[in-house]
Amino acid sequence: MQAVRKLNEDITWVGADDRRLHLFENMFPIPHGVSYNSYVIVDEKTALMDTADESIIEQYLENVAAVLQGKKVDYLVVNHMEPDHCSGIARVLGLFPDCKMVASAKAFAFYDQIYNTCLPEERKIVVKEGDSLSLGKHELKFVMAPMVHWPEVMMSYDVTDKILFSADAFGTFGALNGSIFNDEVNWDAVWLNEARRYYTNIVGKYGPQVQAVLKKAAGLEIDMVAPLHGPVWRGAAFAEFLGKYDAWSSYRPEDKGSVAVFYGSMYNNTKQLAEMLACTLTAKGIKGVKVYDVSETDKSYLVAEAFRCEYLVFAAPTYNNGLYPKMKEFIEDLSVLNFQNRKCTVIGNGTWAPQSDKLMKELLAGMKGMDVSEKSLVVKSRISDAQLPELDALADDIVSRLQ
């Protein structure tokens, strides 16, 4: 049974939702599922925009057939060669022997690697920045977007309908639940957290490249953005999303005045410190405080919160004369993602030879623009009554640095 959804008279979504997959890229939890998006443009020449993941390929091909109603596919435009979007290429090219694949030069190199074969030259159309392809009424203009988030990525802009087919950019986790348009759902409640988590973990490392693409997009008149995951964006919701993307890719805090307290704890003593600090900050008027256990919360959520918040607190015990492993993994993950430009405070713990505060400071110092407070707190086993004024002073320091 086909399940297609129209963007407009000529363009139809032919993807599918996957609610059974537990981990995206076998790493990131997706409790709300994920969509794999593809689009068909029916004109004098028919263009299929990307394919789909192997897990939903039969549904995808049914959807394509339902839209074509016996027509052939003239062009398969491949904006991104990652397997969750390119798994159907061989099936499509086999079903439509006259179809030509349109992609960047690097994408064709990846095709050879992924499929372990070479596509015949007569079936290739290699495009570069600014090239265009006429379908009849519709004209596609190609915008190169290397490292957003693979080196072969490009975007396709439909000049006629002002639609940007944006590859993984502006994508989100989450199945579509019947609607393909973001303005038919509650953006804040449904999509924002999953959009942030998708961007920060999948694309977050490549902020400068995203900024370059945003500058290119600023020169285009865009009525809709059709990504490869999540809803199609339009109207005021897209304008808001664009602002979020600009903040995330510039490594600027999204929410002014927000504080995230990340802690690791073996016997609840460091947990107690984190919660006491959160209560003290709230009592001093800081409203946006969130507390996270790095052993309990998946790193993808922790990373997203780090990108959202203005101020970060890291609290962890010493472990084998090193840093508590879960906290070390988290900070190192932030470093790999090129995370930067935050104010931070560290809290250390250790029963006989505390090292964690020093080790966290060293890791953070290796990251660009991380302003780590000179004021920290180190306890031995658990906080003593004599150290309570130190905790209060630490909270005062955080409040003053937020202003």
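Keep in mind the model is a prediction, meaning the values are calculated, not measured. Throughout, residue positions are numbered sequentially from 1 according to the sequence presented.
Rounding to the nearest 0.5 Å places OG of S104 at 11.5 Å from CG of D131. Note that OH of Y206 is 10.0 Å distant from CG of N338, once rounded to the nearest 0.5 Å. The distance from the CZ atom of F108 to the CD1 atom of I125 is 8.0 Å, given to the nearest 0.5 Å. Taken to the nearest 0.5 Å, the CD1 atom of I114 stands 11.5 Å off from the CG atom of N116. Here S356 contributes atom OG and L363 contributes atom CG; the two are 11.0 Å apart, rounded to the nearest 0.5 Å.
Between F170 and Y245, the gap from one ring centroid to the other is short of 6.0 Å. For Y251 and F339, the ring centers sit 6.0 Å or farther from each other. Taking the six-membered ring for Trp and the full ring otherwise, the centers of F173 and H229 sit at least 6.0 Å from each other. Taking the six-membered ring for Trp and the full ring otherwise, F241 and W233 have centroids separated by under 6.0 Å.
Contact detail for V232 and M224: the closest heavy-atom pair is CG1-SD, 4.0 Å. Annotation for S166 and P227: closest pair OG-CA, 3.4 Å, computed over non-hydrogen atoms. Pairing each heavy atom of S55 with each of D18, the nearest pair is OG-OD2, 3.2 Å. Between A217 and I222, the shortest heavy-atom contact is O-CD1, 4.0 Å. Considering every non-hydrogen atom in both L364 and M370, the closest pair reads O-CB, 3.5 Å. Of all heavy-atom pairs spanning A52 and I57, the tightest one is O-CD1, 4.0 Å.
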For a salt bridge (Lys or Arg N to Asp or Glu O under 4.0 Å) check, start with the C-alpha distance between E390 and K375, then their side-chain angles and the critical distance, and finish with the verdict. CA-CA 9 Å; E390 289 184 59; K375 185 176 288 294; over 6 Å; no

Assess the residue pair D396 and K284 against the criterion (salt bridge (Lys or Arg N to Asp or Glu O under 4.0 Å)); give the C-alpha distance rounded to whole Å, side-chain angles, the decisive distance to 0.1 Å, and a yes or no. CA-CA 8 Å; D396 284 336; K284 292 178 183 294; 2.8 Å; yes

Check the pair R19 / D17 against salt bridge (Lys or Arg N to Asp or Glu O under 4.0 Å), numbers first and verdict last. CA-CA 6 Å; R19 295 181 181 83; D17 291 321; 3.4 Å; yes

Run the salt bridge (Lys or Arg N to Asp or Glu O under 4.0 Å) check on D371 and R401 step by step: do they pass? CA-CA 10 Å; D371 181 4; R401 281 160 56 81; 3.6 Å; yes

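Between L377 and Q387, the closest side-chain pair of non-hydrogen atoms falls below 4.5 Å. Inter-residue side-chain proximity for Y75 and L48 is flagged as unmet; no heavy-atom pair is nearer than 4.5 Å. Side-chain contact between T51 and Y60 is present, with at least one heavy-atom pair separated by less than 4.5 Å. Side-chain contact between K290 and V261 is absent, with no heavy-atom pair separated by less than 4.5 Å. The shortest side-chain heavy-atom distance between M81 and I89 falls under the 4.5 Å cut-off. For the pair Y292/Y301, no side-chain contact is recorded, criterion being any heavy-atom separation below 4.5 Å from C-beta on. T345 is listed as a side-chain neighbour of L394, based on a closest heavy-atom distance under 4.5 Å.
Judged purely by atom type and a 3.5 angstrom limit, T318 has no side-chain atom pairing as donor or acceptor with the backbone of N321. Using modelled atom types, no side-chain atom of S250 and backbone atom of A247 make a donor-acceptor pair closer than 3.5 Å. Under a 3.5 Å cut-off, the side chain of R123 and the backbone N or O of L93 do form a donor-acceptor pair. R196 places no side-chain N or O within 3.5 Å of a backbone atom of E194 that could act as its donor or acceptor partner.
Using a 3.5 Å distance cut-off with no hydrogens or angles, the side chains of Q59 and N63 do pair a donor with an acceptor. Side-chain polar atoms of D50 and S38 form no donor-acceptor pair below 3.5 angstrom. No hydrogens or angles considered: a donor-acceptor pair under 3.5 Å links the side chains of H149 and E82. No hydrogens or angles considered: a donor-acceptor pair under 3.5 Å links the side chains of Y324 and S295. Under 3.5 Å, the side chains of S373 and D397 contain a donor-acceptor pair of N or O atoms. If you check the side chains of N37 and W13, you find a donor sitting under 3.5 Å from an acceptor. Side chains of D168 and H85: a donor on one and an acceptor on the other come within 3.5 Å. A side-chain N or O of H80 and one of E152 form a donor-acceptor pair less than 3.5 Å apart.
Applying the 6.0 Å contact sphere to NZ of K124 captures more than 12 heavy atoms from other residues, nucleotides or ligands. Residue-environment remark: OH (Y267) stays at or below the threshold of 12 foreign heavy atoms within 6.0 Å. Residue Y319 qualifies as open at atom OH: its count of foreign heavy atoms under 6.0 Å is 12 or below.
Checked options N349, T270, N269; the residue passing with V379 is N349 (criterion: side-chain contact (heavy atoms from CB on, under 4.5 Å)).
Taking the charged nitrogens against the carboxylate oxygens, R308 and E254 have no contact shorter than 4.0 Å, which rules out a salt bridge. Salt bridge annotation for D74-K72: present, with a cationic side-chain nitrogen under 4.0 angstrom from a carboxylate oxygen. Taking 4.0 Å as the cut-off between side-chain N and carboxylate O, R91 and E58 count as a salt-bridged pair.
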Would you list the atom pairs, donor with acceptor, under 3.5 Å between side chains in residues 137-145 and any protein atom, with sequence neighbours excluded?
residue: K137; atom: NZ; partner: D10; partner atom: OD2; Å: 2.7
residue: H138; atom: ND1; partner: D158; partner atom: OD1; Å: 3.3
residue: H138; atom: ND1; partner: D158; partner atom: OD2; Å: 2.9
residue: H138; atom: NE2; partner: D10; partner atom: OD2; Å: 2.7
residue: E139; atom: OE2; partner: S132; partner atom: OG; Å: 3.3

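Taking the ring axis of F181 as reference, the NZ or CZ atom of R234 stays within 45° of it and closer than 6.0 Å to the ring centre.
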